[in-house]
Amino acid sequence: MFSRFSRFCYPFTGRDLQYEMRGLSNYQLSCCVNTLLQTLSATWELSALLEKWDSAGVRADSHNVPLQLKRVLAAMTSNHTQNIAHRDFLYCLDRNCVRLCMQHDADEVFLSILNFMQQQMDDRELAQGIQNLYKVSVETHLQCLECSSIQTQTSFQLSLHLHVKEDHDSLGGCISSFLEDQELRGRNCCFCAQCGSKTPSRRGVKLLSLPCILCVHLKRFRNSRGDIRKLDCRVTFPETFDFSEIARGGFSTDFAQDEYTYTLYAVVVHSGGTMWGHYTAYVRHRVSQQWYHADDSHVQKVSWEQVQRTYGKYYGGTAYMLMYRRGSKQEGPQPEFSG
């Protein structure tokens, strides 16, 4: 965290009884991890899987990211202030090369945490279950424009990386662009086994499956001739959307799911430029459906209109990651796994 944002630092970590959420003190530039912890705490499906994990036999627990994550998420929903769990998690990431006192990219740290859970959990079934929460499976088709032969490859992403246009865009527009066919020519030509050489090609992507938790990464940082700059352009996104309306024609013939509705429950916001900045989170409470803004230790209730200010262009903070949950908005109590 930089001095520009020092007015948001508070010397304690605790639950503000007025707001029903636990703030997290900034410790050695930890705003990025603090923000991600708020979104992970709001992902009660993840906490449920970690609670099932019998971690009693885990060795070198100070280096085990999923174990420390399990502890800190439990601490964030407890009735007692626990600074130790939060700092232990930060030190654990540091031991796994996500260093303290350094700026980090939120999407990269998020994917690192998911990868650590795959590598360090001894219960492979639960580890796979956690991965499946976020898994977007895609089918890529590469058609040679010389001989018309087609190569098909399947892969998956844990975060849907979407390019944004520099003037104005929307979540629907970003997803449509992701699914559009692209012609690859010149130095982008691909090798065709049938032709035996690199040839112009047409690349297309189809969705094989959609996850319970859809994490969207809006790629606001662009490398242009070695110069990295941030795009603060306006990118709108809805509270609820139907994926089938946006991605018409974008589903594989093997796509078998029948639920396409997604509801927003968390937004990771970046303020600043390419060489400095600050992260905060907007999180929707699972029971009241009320939005809250978590800025390290400071937590306050906000409106949907305030969340919309993160669209960009006219305000300092811009939405960088969006967390959607499959299914329409649900009122009433949910399992007690997140705050």
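Along the sequence shown, residues are numbered consecutively beginning with 1. A quick note: this is a predicted structure, and the numbers were derived from the prediction, not measured.
Residue Lys70 forms a side-chain contact (heavy atoms from CB on, under 4.5 Å) with just one option from Leu50, Leu46, Val65, Leu49, and that option is Leu50.
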- Step by step, work out the side chain to side chain contact (heavy atoms under 4.5 Å, CB included) result for Thr152 and Glu139. CA-CA 7 Å; Thr152 302; Glu139 188 177 73; 3.6 Å; yes
- Stepwise side chain to side chain contact (heavy atoms under 4.5 Å, CB included) test for Leu126 and Met121: CA-CA 8 Å; Leu126 284 177; Met121 287 183 71; 4.0 Å; yes
- Assess whether side chain to side chain contact (heavy atoms under 4.5 Å, CB included) is satisfied between Leu207 and Val138, documenting all intermediate values. CA-CA 5 Å; Leu207 294 166; Val138 298; 4.1 Å; yes
- Task: Please lay out, stage by stage, how Thr199 and Leu145 fare under the test side chain to side chain contact (heavy atoms under 4.5 Å, CB included).
- Result: CA-CA 7 Å; Thr199 61; Leu145 296 180; over 6 Å; no
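Of the possible polar contacts, one joining the Arg222 side chain to the Val164 backbone as a donor-acceptor pair under 3.5 Å is found. Proximity of a side-chain donor or acceptor of Arg220 to a complementary backbone N or O of Tyr320 within less than 3.5 Å is not detected. No donor-acceptor pair closer than 3.5 Å links the side chain of Ser30 to the backbone N or O of Val33. With Thr39 contributing its side chain and Ala266 its backbone, the two residues share no donor-acceptor pair below 3.5 Å. Arg99 places a side-chain N or O within donor-acceptor distance of the main-chain N or O of Asp94, the cut-off being under 3.5 Å. No donor-acceptor pair closer than 3.5 Å links the side chain of Arg87 to the backbone N or O of Tyr27. Judged by distance alone, the side chain of Asn64 and the main-chain N or O of Gln120 form a donor-acceptor pair under 3.5 Å. Counting only distance, with no hydrogens or angles, the side chain of Gln103 and the backbone of Gly277 share a donor-acceptor pair below 3.5 Å. In this structure, Gln257 contributes its side chain and Leu210 its backbone to a donor-acceptor pair below 3.5 Å. Remark: the backbone N or O of Ser303 is not paired with any side-chain donor or acceptor of Gln290 at under 3.5 angstrom.
In this structure, Asp123 has no salt bridge (charged side-chain N to carboxylate O under 4.0 Å, His left out) partners at least two apart in sequence or on a different chain. Taking the ring-ring contact (aromatic ring centres under 6.0 Å, His included) definition, one finds that Tyr311 meets it with Phe237, sequence neighbours left out. By the ring-ring contact (aromatic ring centres under 6.0 Å, His included) test, Phe243 pairs with Phe241, sequence neighbours left out. Listed by chain and residue number, His161, His163, His217 satisfy the side chain to side chain contact (heavy atoms under 4.5 Å, CB included) test with Lys219 (two or more places apart in sequence, or in another chain). Residues satisfying the side chain to side chain contact (heavy atoms under 4.5 Å, CB included) criterion with Asn188, sequence neighbours excluded, are Leu184.
Side-chain atoms of Gln128 and Asn132 include a donor-acceptor pair closer than 3.5 Å. If you check the side chains of Thr318 and Lys230, you find a donor sitting under 3.5 Å from an acceptor. Defined by atom type and a distance below 3.5 Å, a donor-acceptor pair is missing between the side-chain atoms of Asp181 and His141.
At most 12 non-hydrogen atoms from other residues, nucleotides or ligands lie less than 6.0 angstrom from CD of Glu125.
Leu208 and Leu160 fall into different hydrophobic clusters, where Ile, Leu, Val, Met, Phe, Trp and Tyr are joined by side-chain heavy atoms under 4.5 Å apart, directly or via other members. Hydrophobic cluster membership differs between Phe156 and Leu142, with clusters built from Ile, Leu, Val, Met, Phe, Trp and Tyr side chains linked at under 4.5 angstrom. With hydrophobic clusters built from ILVMFWY side chains whose heavy atoms lie under 4.5 angstrom apart, Leu100 shares a cluster with Val98. The cluster map of Ile, Leu, Val, Met, Phe, Trp and Tyr, joined by side-chain heavy atoms under 4.5 Å apart, puts Val205 and Ile150 in different clusters.
Distance check: Trp44 CH2 to Ile213 CD1 gives 8.5 Å after rounding to the nearest 0.5 Å. Atom CG of Asp88 sits about 12.5 Å away from atom CG of Leu69, to the nearest 0.5 Å. To the nearest 0.5 Å, the span separating CG on Leu133 from CG on Leu214 amounts to 12.0 Å. Annotation: the span from Ser112 atom OG to Asn96 atom CG amounts to 9.5 Å, rounded to 0.5 Å. Gln151 CD to Gln194 CD: the interatomic distance, rounded to the nearest 0.5 Å, is 10.0 Å. Here the CD1-CD1 distance, from Ile246 to Ile175, works out to 4.5 Å after rounding to the nearest 0.5 Å.
Annotation: side chain of Gln38 is in contact with side chain of Met76 (closest heavy-atom distance under 4.5 Å). For the pair Val307 and Glu239, the minimum side-chain heavy-atom distance is 4.5 Å or more. Looking at Leu171 and Tyr324, their side chains come closer than 4.5 Å, going by heavy atoms from C-beta outward. Pro200 has its side chain out of reach of Glu183: every pair of non-hydrogen atoms, C-beta onward, lies at least 4.5 Å apart. Proximity of Ser159 to Leu111: side-chain heavy atoms (C-beta onward) are separated by under 4.5 Å at one or more points. The shortest side-chain heavy-atom distance between Lys165 and Cys233 does not fall under the 4.5 Å cut-off. Side chains of Ser297 and Asn26 form no contact here, defined as non-hydrogen atoms less than 4.5 Å apart. Looking only at side-chain heavy atoms (C-beta outward), Lys206 and Asp254 stay at 4.5 Å or farther from each other.
Contact record, Trp53 with Leu67: CZ3-N, 3.5 Å, taken as the closest heavy-atom pair. Nearest heavy atoms, Val299 versus Met21: CG1-CB, 3.7 Å. Closest heavy-atom contact between His278 and Asp295: NE2-OD1, 2.8 Å. Heavy-atom minimum distance, Cys212 versus Glu45: SG-OE2, 4.0 Å. Among all heavy-atom pairs drawn from Cys144 and Ser201, the shortest one is CA-OG, 4.3 Å. For the pair His270 and Phe221, the tightest heavy-atom approach, listed with the atom from each and the gap, is CE1-CZ, 3.8 Å.
Under the 30°/60° scheme for interplanar angles, the aromatic rings of His293 and Tyr282 are found to lie parallel.
For residues 92-117, every residue pair satisfying the ring pair (Phe, Tyr, Trp, His ring centres under 6.0 Å) rule, not counting sequence neighbours, is listed here: Phe110-Tyr134.
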